[in-house]
Participant: 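Pasting a structure here, questions to come.
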Amino acid sequence: MMILNLLVVEDEPEFADYLRRGLSYDGYQVRVASSAEAGLEEVRRSPPDLIIFDVMLPLMDGIMACRCLREWGYAGPVLMLTARDAIDDRVTGLDSGADDYLAKPFDFDELLARLRALLRRRGYGTSILSFADVELDTRLRTAARRGSTITLSRTEYDLLLFFLSYPEQTLTREVLLENIWGTAPGLNSNVLDIYISRLRHKLGEPPLIHTLYGIGYVLKK
Ligand code: CA
């Protein structure tokens, strides 16, 4: 599993922290810089896979900083964050060298979707497993149904990945327990039912994981 390295350049500590927490939770490794100068220094030290620049920064703004980066030859994707009423031609024309922009306030899922699209375009590629309207990206470790992100715990993710790897096949309780939890001594097999029920709940309707009484489960429409 490749962990992608993101740099967030934002001078408002609370908003920077909100971004850091949300992006870390989504599986990214996140560094935060509180000024354009500090951000440029971070890039020089170790270039990130993607940069999120707030346009409104003290001294040097995000647009200037992005121009600098491109002059240095930084080729990774750059996303600009801007106040809704401050979107101007410099940003929308993307002549700063940014690849995309998002107006504040924004929906966090929208930000995640934009990042995934940018990373995909830049050849980070994706490894998408899908069944019906469920998609799982094994590189970014994200899941979605009908385009809406589903937040999964590590075990729920592993379970969904396993089901998507064997669609429309009977998976016995033994096979699931062994593949998801290993042969942990004394493991209560009820743990499987608990996780299946959580996963079903998160996946919503119509149900895709069906019970085969006394046998196990199957992923089918
Ligand atoms: Ca700011």
Side-chain angles (χ1 to χ4, degrees), residues 1-6 18-30 48-50 52 76-77 107-221:
M1 228 302 280
M2 177 175 144
I3 294 176
L4 297 171
N5 203 291
L6 264 53
Y18 162 75
L19 291 174
R20 187 186 52 73
R21 277 183 287 122
L23 295 169
S24 304
Y25 190 78
D26 206 59
Y28 295 103
Q29 195 147 47
V30 186
D49 295 310
L50 182 147
I52 298 174
D107 187 65
F108 208 84
D109 285 340
E110 173 67 19
L111 173 65
L112 295 176
R114 299 287 191 97
L115 296 181
R116 280 195 294 274
L118 284 175
L119 290 164
R120 210 171 286 153
R121 263 200 265 157
R122 289 304 182 103
Y124 284 92
T126 53
S127 178
I128 300 210
L129 278 173
S130 67
F131 181 79
D133 49 9
V134 173
E135 275 196 344
L136 187 121
D137 187 325
T138 58
R139 181 159 279 176
L140 298 173
R141 286 186 78 87
T142 55
R145 186 161 195 188
R146 284 183 293 272
S148 314
T149 302
I150 304 167
T151 306
L152 298 174
S153 71
R154 183 181 295 250
T155 304
E156 289 159 359
Y157 172 91
D158 290 345
L159 200 52
L160 181 58
L161 173 62
F162 199 74
F163 274 112
L164 288 169
S165 305
Y166 301 97
E168 295 175 323
Q169 290 184 43
T170 298
L171 298 173
T172 64
R173 298 179 61 80
E174 292 71 28
V175 161
L176 286 165
L177 283 165
E178 190 170 331
N179 280 279
I180 308 300
W181 285 272
T183 45
L187 178 76
N188 186 336
S189 75
N190 286 341
V191 76
L192 175 62
D193 307 287
I194 293 165
Y195 275 94
I196 292 276
S197 121
R198 285 187 194 165
L199 186 56
R200 275 180 174 151
H201 179 73
K202 289 190 177 179
L203 288 173
E205 297 292 327
L208 292 173
I209 299 172
H210 302 269
T211 305
L212 301 166
Y213 288 98
I215 302 170
Y217 297 93
V218 62
L219 180 76
K220 66 180 173 74
K221 282 194 218 177

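The first residue of the sequence shown is numbered 1, and numbering continues consecutively from there.
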Participant: Please evaluate residues Y28 and D49 with respect to the criterion side-chain contact (heavy atoms from CB on, under 4.5 Å), reporting the C-alpha separation (whole Å), side-chain torsions for both, the decisive distance (0.1 Å), and the verdict.
Facilitator: CA-CA 10 Å; Y28 295 103; D49 295 310; over 6 Å; no

Participant: Does a side-chain heavy-atom distance below 4.5 Å link T149 with R116?
Facilitator: yes

Participant: Apply the side chain to side chain contact (heavy atoms under 4.5 Å, CB included) test between Y217 and each candidate in T170, T172, L192, L199; give the one that qualifies.
Facilitator: L192

Participant: Any side-chain heavy atom of D109 sitting closer than 4.5 Å to one from S148?
Facilitator: no

Participant: Would you compute the distance between atom CG of L203 and atom CG of L152 and round it to the nearest 0.5 angstrom?
Facilitator: 7.0 Å

Participant: Please give me the minimum heavy-atom distance between I150 and A144, naming the atom from each residue.
Facilitator: CD1-C, 3.9 Å

Participant: Is there a side-chain contact (heavy atoms from CB on, under 4.5 Å) between D26 and L115 once you walk through the steps?
Facilitator: CA-CA 11 Å; D26 206 59; L115 296 181; over 6 Å; no

Participant: Within a 6.0 Å radius of atom CZ on R146, are there more than 12 heavy atoms belonging to other residues, nucleotides or ligands?
Facilitator: yes

Participant: Treating R145 as the side-chain partner and G204 as the backbone partner, does any N or O pair qualify as donor plus acceptor under 3.5 Å?
Facilitator: yes

Participant: Counting N and O atoms only, with roles assigned by atom type, does the side chain of E110 sit under 3.5 Å from a partner on the main chain of D107, one being a donor and the other an acceptor?
Facilitator: no

Participant: Run the side-chain contact (heavy atoms from CB on, under 4.5 Å) check on F131 and L136 step by step: do they pass?
Facilitator: CA-CA 9 Å; F131 181 79; L136 187 121; over 6 Å; no

Participant: Nearest heavy-atom pair of I180 and D158: which atoms, and what distance?
Facilitator: CD1-O, 3.6 Å

Participant: What distance do S130 atom OG and D137 atom CG have between them, rounded to the nearest 0.5 Å?
Facilitator: 11.0 Å

Participant: Ignoring hydrogens and geometry, is there a side-chain-to-backbone donor-acceptor pair from R200 to P207 under 3.5 Å?
Facilitator: no

Participant: If you measure from CD1 on I196 to CD on E156, what distance do you get to the nearest 0.5 Å?
Facilitator: 10.5 Å

Participant: Using a 4.5 Å cut-off on heavy atoms from C-beta on, say whether the side chain of L171 contacts that of N179.
Facilitator: no

Participant: Using 0.5 Å steps for rounding, measure from the CD1 atom of I215 to the CD atom of E174.
Facilitator: 10.5 Å

Participant: When you look at F108 and L19, which way does the side-chain contact (heavy atoms from CB on, under 4.5 Å) test go after all the steps?
Facilitator: CA-CA 9 Å; F108 208 84; L19 291 174; 4.0 Å; yes

Participant: Tell me the closest heavy-atom pair linking L6 and P48, and the distance in Å.
Facilitator: C-CB, 4.3 Å

Participant: Ignoring hydrogens, what is the shortest heavy-atom contact between V191 and L177? Give both atom names and the distance.
Facilitator: CG1-CD2, 4.1 Å

Participant: Taking OH in Y18 as the centre, count heavy atoms belonging to other residues, nucleotides or ligands within less than 6.0 Å. Is the count above 12?
Facilitator: yes

Participant: Output the distance between atom CG (L176) and atom OH (Y166), rounded to the nearest 0.5 Å.
Facilitator: 10.5 Å

Participant: Say whether, by atom type as modelled, one donor and one acceptor occur between the side chain of R173 and the main chain of S189 under 3.5 angstrom.
Facilitator: yes

Participant: Under 6.0 Å from the ring centre and within 45 degrees of the ring axis: does the NZ or CZ of R198 meet both conditions for the six-membered ring of Y195?
Facilitator: yes

Participant: Do you know which two heavy atoms are closest between F163 and L219, and how far apart they sit?
Facilitator: O-CD2, 3.5 Å

Participant: For L50 versus I52, what's the shortest heavy-atom pair and its separation?
Facilitator: CD2-CG1, 3.8 Å

